[in-house]
Protein chains: 2
Amino acid sequence: MHGTPRPPATPAQALAAMDHLIAAHLIGQQELARRLGLNVTDLTCFAFVLEAGDELLTAGDLAARAHVTTGAVTGILNRLERAGYVTRRPDPADRRRVRVAAVQDAVARVEAVYAGHYKRLNALFSDYSPEELAIITDWFTRATALAHEYLEKLNRNDPDEEC
Amino acid sequence: MHGTPRPPATPAQALAAMDHLIAAHLIGQQELARRLGLNVTDLTCFAFVLEAGDELLTAGDLAARAHVTTGAVTGILNRLERAGYVTRRPDPADRRRVRVAAVQDAVARVEAVYAGHYKRLNALFSDYSPEELAIITDWFTRATALAHEYLEKLNRNDPDEEC
DNA sequence: CGCAATCCCTTAGTTCGTGAGATATTCGGA
DNA sequence: TCCGAATATCTCACGAACTAAGGGATTGCG
């Protein structure tokens, strides 16, 4: 598909396309979580744990990223731990903290479930030239920055103010 | 930003960017719903109602689109109706059916809350040339098609098979 | 050293979804 | 025309998961 001309698009069309993708992705997440014996929140938190890598997250970090209370995190970790996805580890430097480590087996289990879709997505990506990919990634990066900026605005302002 | 060269990206980077965007979007949806006195499910359903326009959806249509049971839709419609977002209307052709119509005032209320973010997103989109936008929209469209294809695979197959 | 702050957990209460089944309506075939 | 099956929505009981409030342990600053 490299170099193939595409019909130009308007911002409105792009917005609509984006909404549809997000909606589809959400349903997919639910289904994936179900197959892993988790709910969407738990799966999302496990993804945060994986993303953090060796810099093990604390329970509080998870609460902040997932935007839930620390009480909820207790439940999330209980479920993830019981299902064999993570383990709680003491923090040697601060005994109030709980560090969350991913279980290696579970990583493979999750990757197996994601594999099919990721393979297809990768195929889709490799159907674009590096220059085209750069445009797409650039857009994602900027859109995400925008979304975060928006979130901060929402959290700062009175609950009824326009943002 | 037209024509400005950007660093090339790999599929993996693009995938990560996509995940982050969707995660941020989800949190944003929660906050927006909260401001409208709704939960995310209800807001999503209201969006489906708006998207359908004059072709009023039935309660069953909503259940299918939101992937919830018809029992849940009853609750969703009760909440949306009580909060003044929609009204239930009899279907003249089939008295078993319930048609869902958006309340005009509520449309404006929702648009006001969305306005800020949508304006910013639009600004972002209009920062790209039509050709660049075409690439982005094309990618969204194809990624959505992929996601739907994946969903169908998931729904068809045994719950444990690879897809 | 002592007190406030921090971190995670516990508990009670609420909300929302599912699954099973009830009720009302429509449709198709004898 | 009539009756049984299918369809559409609603009701109810129950369970899962979140919040808010507060408790106990630990830390760190004055």
Side-chain angles (χ1 to χ4, degrees), chain A residues 26-27 29-31 33-46 48-49 52 55-83 85-101 155 159, chain B residues 26-27 29-31 33-46 48-49 52 55-83 85-101 155 159:
Chain A
L26 276 185
I27 311 283
Q29 286 280 86
Q30 266 184 328
E31 181 62 28
R34 203 183 56 70
R35 294 197 165 214
L36 289 163
L38 301 174
N39 64 47
V40 175
T41 308
D42 297 353
L43 179 56
T44 304
C45 285
F46 186 61
F48 285 136
V49 170
E55 195 68 36
L56 302 190
L57 295 182
T58 67
D61 290 336
L62 266 185
R65 289 175 208 225
H67 284 79
V68 295
T69 63
T70 59
V73 169
T74 300
I76 290 168
L77 290 181
N78 287 344
R79 290 189 296 269
L80 282 175
E81 202 164 30
R82 182 155 36 80
Y85 287 90
V86 304
T87 54
R88 276 184 244 232
R89 297 213 189 143
D91 183 326
D94 185 341
R95 283 186 295 169
R96 292 169 303 179
R97 289 202 172 104
V98 164
R99 295 273 175 188
V100 183
N155 286 334
Chain B
L26 274 187
I27 311 283
Q29 286 280 88
Q30 266 184 328
E31 181 61 29
R34 203 184 56 70
R35 295 194 165 216
L36 289 163
L38 300 173
N39 64 47
V40 175
T41 308
D42 296 354
L43 179 56
T44 305
C45 285
F46 186 61
F48 284 136
V49 170
E55 196 67 38
L56 302 191
L57 295 181
T58 67
D61 290 335
L62 266 185
R65 290 178 206 223
H67 286 81
V68 295
T69 62
T70 59
V73 168
T74 300
I76 291 167
L77 290 182
N78 287 344
R79 290 189 296 269
L80 282 175
E81 201 163 31
R82 181 155 36 80
Y85 287 90
V86 305
T87 55
R88 277 184 242 234
R89 297 212 188 143
D91 184 325
D94 185 341
R95 282 186 295 172
R96 291 170 303 178
R97 287 204 174 103
V98 164
R99 294 273 174 187
V100 183
N155 286 333

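In what follows, chains carry the letters A, B, and so on, assigned in the order in which the sequence lines appear, proteins first and then strands, with residues in each chain numbered from 1.
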Checklist line | Any B/Arg95 side-chain N or O less than 4.0 Å from OP1/OP2 of C/dT26 | finding: yes

Notebook entry, point to check: Think A/Arg88 has a side-chain N or O under 4.0 angstrom from the OP1 or OP2 of C/dC9?
Noted result: yes

Note to self: My understanding is that only one of A/Val86, A/Leu62, A/Val100 makes a side-chain contact (heavy atoms from CB on, under 4.5 Å) with A/Phe46; could you say which?
What the structure shows: A/Val86

Check: Is a side-chain N or O of B/Arg97 found less than 3.5 angstrom from the main chain of B/Thr58, in a donor-acceptor match?
Finding: no

Margin query: Quick check against the 3.5 Å criterion: does B/Asn78 have a side-chain atom that pairs as donor or acceptor with the backbone of B/Thr74?
Written below: yes

Between [X] ([atom1]) and [N] ([atom2]), how many Å, whole number?
{"X": "A/Arg34", "N": "C/dG17", "atom1": "CZ", "atom2": "C1'", "value": "15 Å"}
{"X": "A/Glu81", "N": "C/dC9", "atom1": "CD", "atom2": "C1'", "value": "13 Å"}
{"X": "A/Asp94", "N": "C/dT6", "atom1": "CG", "atom2": "P", "value": "12 Å"}
{"X": "B/Arg99", "N": "D/dA8", "atom1": "CZ", "atom2": "C1'", "value": "12 Å"}
{"X": "A/Arg89", "N": "C/dC8", "atom1": "CZ", "atom2": "C1'", "value": "18 Å"}
{"X": "A/Asp91", "N": "C/dC7", "atom1": "CG", "atom2": "P", "value": "11 Å"}
{"X": "B/Leu77", "N": "D/dA8", "atom1": "CG", "atom2": "P", "value": "15 Å"}
{"X": "A/Gln30", "N": "D/dA17", "atom1": "CD", "atom2": "C1'", "value": "14 Å"}

Next item on the list: Apply salt bridge (Lys or Arg N to Asp or Glu O under 4.0 Å) to B/Arg96 and list each qualifying residue two or more places apart in sequence or on a separate chain.
Entry: B/Asp94

Next item on the list: Would you please name every residue forming a salt bridge (Lys or Arg N to Asp or Glu O under 4.0 Å) with A/Arg88, sequence neighbours left out?
Entry: A/Glu81

Notebook entry, point to check: Does the side chain of A/Arg65 reach to within under 4.5 Å of the side chain of A/Leu57, using non-hydrogen atoms?
Noted result: yes

Please list, pair by pair, any protein nitrogen or oxygen found under 3.5 Å from a nitrogen or oxygen in nucleotides 18-25 of chain D.
| from | atom 1 | to | atom 2 | distance (Å) |
| --- | --- | --- | --- | --- |
| D/dC18 | OP1 | A/Thr41 | OG1 | 3.1 |
| D/dC18 | OP2 | A/Arg79 | NH2 | 3.0 |
| D/dT19 | OP2 | A/Thr69 | N | 3.0 |
| D/dT19 | OP2 | A/Thr69 | OG1 | 3.0 |

